[in-house]
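Working notes, beginning with the structure itself.
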There are 2 protein chains.
Amino acid sequence: MSDPLNYLFGALADPNRRQVIGLLSERGSATATELTGELPMTRQAVSKHLTTLADAGLVASARQGRETRYTLTQTGAEWDDRLDALRRHLQKRTL
Amino acid sequence: MSDPLNYLFGALADPNRRQVIGLLSERGSATATELTGELPMTRQAVSKHLTTLADAGLVASARQGRETRYTLTQTGAEWDDRLDALRRHLQKRTL
DNA sequence: CTATAGCGCAACTTGGAGGTTGCACATGAT
DNA sequence: ATCATGTGCAACCTCCAAGTTGCGCTATAG
């Protein structure tokens with residue numbers, strides 16, 4: 001059994017994945033193809049990131065019809081806030 | 001310029017590095033060779049991890065004499081606490 | 001002054017993460 | 001029934017992080 005913190009921090013370590021969290025926070029929900037428009041990579045790459053985020057418990061998927069919509073979980077939303085706070089916090093320390 | 005969050009989460013993503021944080025929290029300070037006794041790897045590997053933690057601002061190094069002692073920074077100590085809190089938090093969600 | 005303990009640097013190997021392409025499957029529209 | 005849209009799966013490539021080994025430098029001990 002692997003430490004859940006591995007999944008969590010591993011997921012948060014990638015800047016593209018953090019951006020996905022931000023986008024999901026803005027939009028409420030999105031599909032992989034929608035997010036592809038905002039990111040410099042293919043749909044499959046986005047899809048992999050979403051899977052990684054889901055494994056970490058930050059994102060939930062729900063297939064309706066022929067599309068799969070992703071939303072932030074409670075934990076994911078909390079981390080979206082914490083990321084902003086952390087950025088500001090680290091800004092101050094670097095000044 | 002790379003996002004400081006990359007360094008931070010990248011550093012925290014490795015379980016060995018989190019263990020190093022815990023060990024430094026227990027001991028107050030330690031050298032790379034001392035920590036090697038507690039970890040399943042060579043001194044150079046431990047040294048690399050300490051450098052990574054230092055780059056993330058979690059650890060500080062101070063060479064005195066022929067040994068280099070490492071200590072947690074303020075940020076590092078805060079994260080040591082948060083890691084425990086996060087483990088407990090994720091435990092509950094998994095039950 | 002010599003020996004030894006501690007450290008840093010550099011080269012090398014390897015496994016996995018991030019990304020791409022290609023194809024097959026399912027669902028909604030015409 | 002057909003065509004288009006959205007997705008998932010699998011193979012492949014590339015690059016870097018994690019770890020090792022080997023060597024050389026510095027500093028304390030004898």
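Residue numbers begin at 1 in each chain, while the letters A, B, ... track the order of the sequences. Hydrogens, waters and symmetry mates play no part in the numbers below; they use all other heavy atoms, side chains included.
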Listed nucleotide nearest any side-chain atom of [X], set [options]:
X	options	value
B:Ala45	C:dG18, C:dT27, D:dT20	D:dT20
A:Arg66	D:dG8, C:dG28, D:dA18	C:dG28
A:Glu67	D:dT21, D:dA18, D:dG6	D:dG6

Notebook entry, point to check: Looking at C:dG22, does its base get a donor-acceptor pair with the side chain of A:Gln44 below 3.5 Å?
Noted result: yes
Note to self: When you measure only distances, ignoring hydrogens and angles, does the side chain of B:Arg69 come within 3.5 Å of the base of C:dG6 through a donor and an acceptor?
What the structure shows: no
Check: Will you find, in the side chains of A:Arg69 and A:Ser29, an N or O donor that is under 3.5 Å from an N or O acceptor?
Finding: yes
I need the [atom1]-[atom2] distance between [X] and [N], as an integer number of Å.
X	N	atom1	atom2	answer
B:Leu50	D:dG19	CG	C1'	15 Å
B:Tyr7	D:dC16	OH	C1'	14 Å
B:Leu35	C:dG6	CG	P	13 Å

Note to self: I want to confirm an ordering. Mapping A:Gly65 and A:Asp14 to their closest nucleotides on DNA chain C, which one lands closer to the 5' end?
What the structure shows: A:Asp14
Next item on the list: For A:Arg63 and for A:Thr52, locate the closest nucleotide of DNA chain C by heavy-atom distance; then report the residue assigned to the nucleotide nearer the 5' terminus.
Entry: A:Thr52
Notebook entry, point to check: Can you tell me how far the CG atom of B:Leu53 sits from the CG atom of B:Leu8, to the nearest 0.5 Å?
Noted result: 10.0 Å
Notebook entry, point to check: What heavy-atom pair brings B:Ser25 and B:Asp80 nearest, and what distance separates the two atoms?
Noted result: OG-OD2, 2.8 Å
Under-4.0 Å side-chain N/O to phosphate OP1/OP2 contact, [X] with [N]:
X	N	value
A:Ser47	D:dT7	no
B:Arg17	D:dA18	yes
A:Thr33	D:dG6	no
A:Thr31	D:dT7	yes
A:Thr68	D:dT7	no
A:His49	C:dA17	no

Check: In terms of side-chain geometry, is the basic nitrogen of A:Glu78 or A:Arg82 positioned less than 4.0 Å from the acidic oxygen of its partner?
Finding: yes
Check: Between B:Asp55 and B:Thr51, does a side-chain contact (heavy atoms from CB on, under 4.5 Å) hold up when you go through it step by step?
Finding: CA-CA 6 Å; B:Asp55 289 343; B:Thr51 301; 4.0 Å; yes
Check: Mapping A:Arg43 and B:Met41 to their closest nucleotides on DNA chain D, which lands nearer the 5' end?
Finding: A:Arg43
